[in-house]
Amino acid sequence: MKVGICADAAGLARAVAERFVALAGEAVAARGRFVVALAGGRTPRAAYALLATDPFASRVDWARVHVFWGDERCVPPDHPESNYRMARETLLDQVPIPPARVHPIQGDLPPARAAVAYEEELGAVLGPEGRFDLVLLGMGSDGHTASLFPGTPALEERDRAVVAVYVERLRAWRVTLTLPTINAARHILFVVSGAEKARALARVRAGEPLPAGRVRPAGGGPTWLVDRAAAEGTA
Ligand code: 6PG
């Protein structure tokens with residue numbers, strides 16, 4: 001488990017932006033495109049905002065990038081809770097990515113239909129191999145990642161690439177990539193910030209099978225980029 005510790009949230013955002021640019025360049029050079037699944041929540045906002053500015057934005061060949069999401073809340077695309085809205089506002093509206101290469105989960109559809117539609121769109125782009133070049137992930141203080149929450153059936157899904165899941169604790173529906181799809185990615189990057197994540201991070205580092213700890217790509221990794229507060233539990 002590779003863990004990079006950054007001094008603070010700003011340093012973390014810079015490290016994530018640098019890694020994104022590097023992996024995008026590698027993928028485009030090797031395969032002519034970069035297929036990435038973005039994380040939702042609050043943590044990645046700063047990294048996305050940085051990616052939308054120079055020197056980062058001009059180092060990415062946005063015309064060759066396909067953007068997906070690791071998960072979505074089942075809300076309309078303009079809802080304050082929408083992961084699509086967050087990424088659109090912080091990044092996608094600021095860079096020249098063709099709209100046809102932005103693939104949101106349709107949060108305003110019934111959850112099961114949204115999952116099927118997204119799985120079809122994912123398959124059409126990724127093809128039978130089904131491998132993202134990069135999956136960005138966050139982690140909740142309970143160790144969940146994407147919308148794979150402890151004790152939910154979505155965690156045990158082995159056949160579907162995408163499922164809808166009702167999260168009792170949130171009393172809300174989510175649509176999420178499943179572990180097989182996440183673990184097939186060429187690169188997986190966790191981005192974790194804040195003292196409130198320190199306990200879950202320590203449990204994952206100790207080998208506990210929390211959802212985030214079950215992200216184990218065949219090719220090795222994932223890489224964790226965390227700030228000192230998350231690494232040491234100190235604010
Ligand atoms: C979501 C995310 C989720 C998130 C963690 C951490 O839709 O909420 O995909 O997995 O990454 O909950 O969220 P924060 O970054 O807001 O702490």
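For reference, positions follow the sequence shown, starting with 1. Just follow the structure's listing: the first ligand is 1, and inside any ligand the first atom is 1.
The protein residues lying under 4.0 angstrom from ligand 1, judged by non-hydrogen atoms, are Gly40, Gly41, Arg42, Thr43, Asp71, Arg73, Asn83, Gly138, Met139, Gly140, His144, Thr145, Ala146, Arg174, Lys197.
For the side chain to side chain donor-acceptor pair (under 3.5 Å) condition, the pairs that include at least one residue of residues 19-32, sequence neighbours left out, are Arg31-Asp133. Residue pairs satisfying the salt bridge (Lys or Arg N to Asp or Glu O under 4.0 Å) criterion with at least one member in residues 114-128, sequence neighbours excluded, are listed as follows: Glu119-Arg160. For the ring-ring contact (aromatic ring centres under 6.0 Å, His included) condition, the pairs that include at least one residue of residues 136-162, sequence neighbours left out, are His144-Phe149.
Comment: Asp78 does not engage Arg85 in a salt bridge, judged by the lack of any side-chain N to carboxylate O separation of less than 4.0 angstrom.
A continuous path of ILVMFWY side-chain contacts below 4.5 Å connects Leu136 to Met1, so both sit in one hydrophobic cluster.
For CZ of Arg171, the number of neighbouring non-hydrogen atoms (other residues, nucleotides, ligands) closer than 6.0 Å is 12 at most.
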